[in-house]
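Keep in mind the model is a prediction, meaning the values are calculated, not measured. Chain letters run A, B, ... following the sequence lines, proteins first, then strands; residues in each count from 1.
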Amino acid sequence: MLDIKFIRENLQLVETNNKNKRIEVDLKKLVEFDDERKQLQAQIESLRSERKRVSKTKPSEAEIAEMRQKGDKISQLEEAFRNVENNFNEIIYKIPNIAHESTPVGPDESGNKVLRQIGERPKLDFTPKEHWQLGKDLDIIDNEKAANVTGARFTYLKGKLALLQFALLQHAFSIITDEKRIKKILKKAKLDLKSTPFIPIIPPVMIRPEVFQRMARLEPKEERYYIPSDDLYLIGSAEHTLGSLHIDETFNENDLPIRYAGYSTAFRREAGSYGKDMKGILRVHQFDKLEMESFSLPEDSVKEQDLFVAIQEELVQSLGLPYQVVQICTGDMGGPDARQIDIEIWMPGQNKYRETHTSDMMTDYQSRRLKTKVKRKNGKTEFVHMNDATAFAIGRTLIAIMENYQQKDGSIKIPKALQKYCGFKVIKNE
RNA sequence: GGAGAAGUGGCCGAGUGGUUGAAGGCGCCGCUCUCGAAAAGCGGUAGGCUCGCAAGGGUCUCGUGAGUUCGAAUCUCACCUUCUCCGCCA
């Protein structure tokens, strides 16, 4: 959520930003509701003030009668106030975050900007298979059985592929929980930030509607799984319960940044993507993911995202996978984002780059509603800035490994860095 | 799942219908004393919204929400959370 004061003082900027992000909002109405709200508030408060003053003493019969009337009037005005506030909220919740100055303006993914391409694509002297074919041939992915048991877009990861998931995790944790490694990455990226390591977390995978709303992630609701019996949603990313971990909290300046590495299952209904990527495990309703989340000082948040991207690159490079870094344009980025940067790994089987990592810098857009703040050394309180990024989306990273490391004989080599964790060097038909 | 108890400021804790946004203590900050520190003494110590150039004012907040009342931290209801006992359980 944006600050209404900021909106009022920067109407033109917000208007333009909405347009760039392709979201239609009636700002004039918003301002009108805000005016109305304030006016009602003033009326209510002056009536309350009177009532309070009288009620501090033992009032006479006449005064009681008068106050009874005033009380009715207050109730009336309060209801009007609630209505106006609901209307107001409905609009302000829709307004997306202001895009960072470096964000390219564009209508959709065609406006995204490739920042750099790193790594050599594998030279294969045979026609590479797609991951789902490899998975079937090697009997390590079984969507057909999953369809019987749970439905479309679910999967069984089997055998060595299942083990590889845990190897990936151990590998990633070994890097991002190590302060020395973080320091190195910061130095290489020429970033001046604290080298605070990430705290490993296994968060809840369900979340209350109210908290989901305050994370600005409840919408689009069609994308969320909901459990009516307990009024809970399943999270679509560890971000949802990591970012809300410090709801209604105020940090001291010295405590920041706080960095978490959260591992959880993510649940997505994939509404609106019917028929898209139906084969294999690229787009499924349930997948596991290691996610980075941080709370930082406002002036550090851009650098913090640079660190997140540097970590992502380090992780992808450590697996020897070719990738490109893409800066997402206004029309394609998430509503809460000020700056979004994706990493896409080259997939030989599909003969194209596919998104495996994303990084969202959200300034104080989430923290304002979460009321996660920092008390500065000068005594002032501000909202913290929040960053969120993928460390490894396991499924898609497995796809990247399968397709890039496939051999002519149909086997898959294991990246060197993972071998010590999984204990094998190849996946082949036994 | 059943029975019971409780949720007050950064922390502990008083307060059961009327100058209580809240006694007292701890902590924290400032000052005095001291060469300095400790101790002691004095003073100050929540946040949101809103009006105001400011000084300052108004209002809301005692887990959350709704209600009773002229008036609610105090009474009623629902929900959330915590604790105790019983049951069940990876």
Should the ring pair Y225(A) and F267(A) be called parallel, tilted or perpendicular, given that the plane angle runs from 0 to 90° and is split at 30 and 60? perpendicular
When rounded to the nearest Å, what value does the distance between C1' atoms of rG21(B) and rG15(B) take? 13 Å
According to the Watson-Crick and G-U wobble definitions, with both distances under 3.5 Å, which nucleotide is paired to rC53(B)? none
Is there a Watson-Crick or G-U wobble partner for rC11(B) with both distances under 3.5 Å, and which nucleotide is it? rG25(B)
Does R268(A) use its side chain to pair, donor to acceptor, with the backbone of V284(A) at less than 3.5 Å? no
Whole angstrom is fine here: how far is it from CZ in R368(A) over to P in rC49(B)? 10 Å
Whole angstrom value for the distance that separates C1' of rG57(B) from CD of E50(A): 16 Å
In whole angstroms, how far is the P atom of rC49(B) from the CD atom of E85(A)? 12 Å
C1' spacing across the pair rC89(B) / rG2(B), given as an integer number of angstrom: 16 Å
When the C1' atoms of rA72(B) and rC62(B) are compared, how many Å lie between them, rounded to an integer? 11 Å
In whole Å, what is the span from the CD atom of Q41(A) to the C1' atom of rG48(B)? 10 Å
If you take the centroid of each ring, where Trp contributes its six-membered ring, are F308(A) and F198(A) closer together than 6.0 Å? yes
Taking for each residue the nucleotide of RNA chain B bearing the nearest heavy atom, is the 5' side occupied by E45(A) or by K375(A)? K375(A)
Applying the Watson-Crick and G-U wobble criteria at under 3.5 Å, what pairs with rU84(B)? Answer none if nothing qualifies. rA3(B)
Euclidean distance for P, rU32(B) against rC83(B) (whole angstrom): 48 Å
Could you check H246(A) against F295(A) for ring pair (Phe, Tyr, Trp, His ring centres under 6.0 Å), going step by step and ending with a plain yes or no? CA-CA 9 Å; H246(A) 295 293; F295(A) 303 85; 5.2 Å; yes
Is there a Watson-Crick or G-U wobble partner for rC77(B) with both distances under 3.5 Å, and which nucleotide is it? rG65(B)
Could you work out the separation of rG30(B) and rU84(B) based on their C1' atoms and round it to a whole Å? 46 Å
Under a 3.5 Å limit on both distances, the Watson-Crick or wobble mate of rU59(B) is rG48(B)
Verify the contact: side-chain N or O of K52(A) to OP1 or OP2 of rC60(B), cut-off strictly under 4.0 Å; return yes or no. yes
Watson-Crick or G-U wobble partner of rC42(B), both distances under 3.5 Å: rG30(B)
Distance check, P atoms only: rU81(B) and rA90(B), in whole angstrom units. 23 Å
Name the residue closer to the 5' end of RNA chain B, choosing between K371(A) and S49(A) according to the nucleotide with the nearest heavy atom. K371(A)
Scanning all shown strands, the Watson-Crick or wobble mate of rG71(B) with both distances under 3.5 Å is none
Hey, what do you get for CG (L282(A)) to CH2 (W132(A)), rounding to the nearest 0.5 Å? 13.0 Å
Output one letter per nucleotide in nucleotides 67-82 of chain B: B when a protein non-hydrogen atom lies under 4.0 Å from the base, S when only the sugar-phosphate is that close, - when neither is. ---BS--------SS-
Spacing of the P atoms in rA46(B) and rA38(B) (rounded, Å): 24 Å
Taking any strand in view, what nucleotide pairs with rA37(B) in a Watson-Crick or G-U wobble way, both distances under 3.5 Å? none
Would Q133(A) and D137(A) count as having a side-chain donor-acceptor pair, cut-off 3.5 Å? yes
Would you confirm whether R339(A), through its side chain, and M361(A), through its main-chain N or O, come within 3.5 Å as a donor-acceptor pair? no
Whether K70(A) and E50(A) form a salt bridge (side-chain N of Lys/Arg under 4.0 Å from carboxylate O of Asp/Glu) is what I want to check. yes
For the pair made of NZ in K38(A) and C1' in rG52(B), what is the distance, rounded to whole Å? 13 Å
Tell me: CG of D248(A) to P of rG63(B), nearest whole Å? 15 Å
Nucleotide rC28(B), atom C1' - distance to CG of N252(A) in whole Å: 11 Å
What is the distance, to the nearest angstrom, from the CZ atom on R48(A) to the P atom on rC51(B)? 16 Å
Is E249(A) paired with K371(A) through a side-chain N to carboxylate O contact shorter than 4.0 Å? no
Mind checking the P distance from rG25(B) to rU45(B)? Whole angstroms is fine. 15 Å
